Amino acid sequence: MRFDKLPRSFYLRPTLAVARELLGKRLVRRYRNTRLIGIIVETEAYCAGDPASHSFRGQTLRNEVMFWKGGHLYVYFTYGMHFCANVVTGERGIGEAVLIRAVEPVTGIATMKKNRSARPRDPVSGNLTNGPAKFCQAFSIGRAQNGSDLLGDRIYLTEGDEITRSHILSSGRIGIRSGLDKQWRFYLDGNPFVSRGKAPAP
DNA sequence: TGGACGATCCCCT
DNA sequence: GGGGATCGTCCAT
């Protein structure tokens with residue numbers, strides 16, 4: 001197989017390294033006898049001691065999965081209507097994760113469009129997965145996927161094409177009110193599937 | 001038990 | 001560029 005599944009050891013490393021190196025990796029979602037695949041093009045890191053992180057005030061029922069061992073999927077519900085998906089990093093009990101903010105659709109685009117077409121406006125491919133909640137909707141990721149093991153067969157990550165380090169940019173994270181000084185958002189320079197979210201001024 | 005708010009998105013002006 | 005949708009979660013009464 002050309003694109004091998006990422007091993008557990010990939011996730012058990014410093015969160016910022018994982019956030020950067022997730023760029024270019026392929027996310028595979030088995031869904032109704034088909035396969036949805038996207039290349040990760042934008043991530044954000046949420047670390048221990050970080051006031052912007054859900055884990056900052058300790059473990060609760062909601063953020064429990066964030067404290068699991070690296071290589072699990074933490075899915076949360078927000079704004080009364082959206083889901084966002086994170087890759088848990090580090091050892092059990094740490095509480096760190098990487099938010100998947102955008103992917104480039106590769107396989108199963110027709111299904112992604114269908115999943116996104118609950119909205120009246122016809123989604124075009126550039127508007128399918130260029131935001132954390134859009135990606136979850138296109139890939140049909142919701143509450144049932146919270147806690148998924150990324151070393152399983154339903155949702156997992158694989159190697160991708162090599163990404164040149166100089167093609168990776170960083171910025172402040174989007175949509176948060178604290179931790180604005182941290183340049184913990186990573187994305188591929190010039191990739192059209194990166195979200196158009198407004199980054200806080202540096 | 002209540003209220004404030006959120007790691008967003010979409011539509012309108 | 002601004003506001004509304006919409007509800008689970010958490011913390012303060």
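The analysis underlying the following values was restricted to heavy atoms, covering all of them including side chains, and did not include hydrogens, waters or symmetry mates. Chain A is the first sequence line, chain B the second, and so forth, proteins listed ahead of strands; every chain is numbered from 1. A quick note: this is a predicted structure, and the numbers were derived from the prediction, not measured.
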| field | Whole-Å P distance, C/dG1 and B/dA7 | value | 23 Å

| field | Atom-pair distance (NE2 on A/His82; P on C/dT9), nearest Å | value | 16 Å

| query | Taking DNA chain B as the partner, which of residues 41-66 of chain A come within under 4.0 angstrom of it by heavy atom? | reply | A/Tyr46, A/Ala52, A/His54, A/Met66

| said: Testing the 3.5 Å rule here: is there a donor-acceptor pair between the side chains of A/Ser53 and A/Ser55? | reply: yes

| task | Side-chain contact test, heavy atoms from C-beta onward, threshold under 4.5 Å: evaluate it for A/Trp184 versus A/Cys47 and give yes or no. | result | yes

| remark: Base-pair string, DNA chain C, Watson-Crick plus G-U, cut-off 3.5 Å on both distances, | for inter-strand, is |||||.||||||.

| request: Could you tell me whether A/Lys69 and A/Asp149 make a salt bridge, using a distance below 4.0 angstrom between a side-chain N and a carboxylate O? | output: no

| Between atom CZ in A/Arg196 and atom C1' in B/dC9, what is the gap in whole Å? | 14 Å

| message | It should be established whether A/Arg116 places a side-chain nitrogen or oxygen under 4.0 Å from OP1 or OP2 of nucleotide B/dC10. | response | yes

| request: Indicate whether OP1 or OP2 belonging to C/dG8 is found under 4.0 Å from a side-chain N or O atom of A/Arg143. | output: no

| task | Under 4.0 Å between any heavy atoms, over every strand shown, what does A/Ile176 touch: base, sugar-phosphate, or nothing? Just pick one. | result | sugar-phosphate

| task | Ignoring the backbone of A/Lys134, work out which of B/dC9, C/dA5, B/dA7 is nearest its side chain. | result | B/dC9

| Proximal nucleotide (of B/dC10, B/dA7, B/dC9) relative to the A/Tyr74 side chain | B/dA7

| Between C/dT6, B/dG6, B/dC9, which one does the side chain of A/Met81 approach most closely? | C/dT6

| task | Describe the nucleic acid contact of A/Tyr79 in one word from base, sugar-phosphate, nothing, applying a heavy-atom distance below 4.0 Å. | result | base

| field | Row check, A/Tyr11 ring normal vs A/Arg8 NZ/CZ: under 6.0 Å, within 45° | value | no

| task | To the nearest Å, give me how far apart CD1 (A/Ile174) and C1' (B/dA7) are. | result | 10 Å

| request: Fit a plane to each ring of A/His54 and A/Tyr74, take the angle between them on a 0 to 90° scale, and name the class: parallel (under 30°), tilted (30 to 60°) or perpendicular (over 60°). | output: perpendicular

| query | For DNA chain B, whose closest nucleotide is more 5', that of A/Phe77 or that of A/Gly131? | reply | A/Phe77

| If the P atom of C/dT6 is compared with that of B/dG2, how far apart are they to the nearest Å? | 22 Å

| query | Can you say whether the rings of A/Phe135 and A/Phe139 are parallel (under 30°), tilted (30 to 60°) or perpendicular (over 60°)? | reply | tilted

| remark: Side-chain contact check for A/Ala133: nearest option of B/dT8, C/dC7, B/dG6 is B/dT8

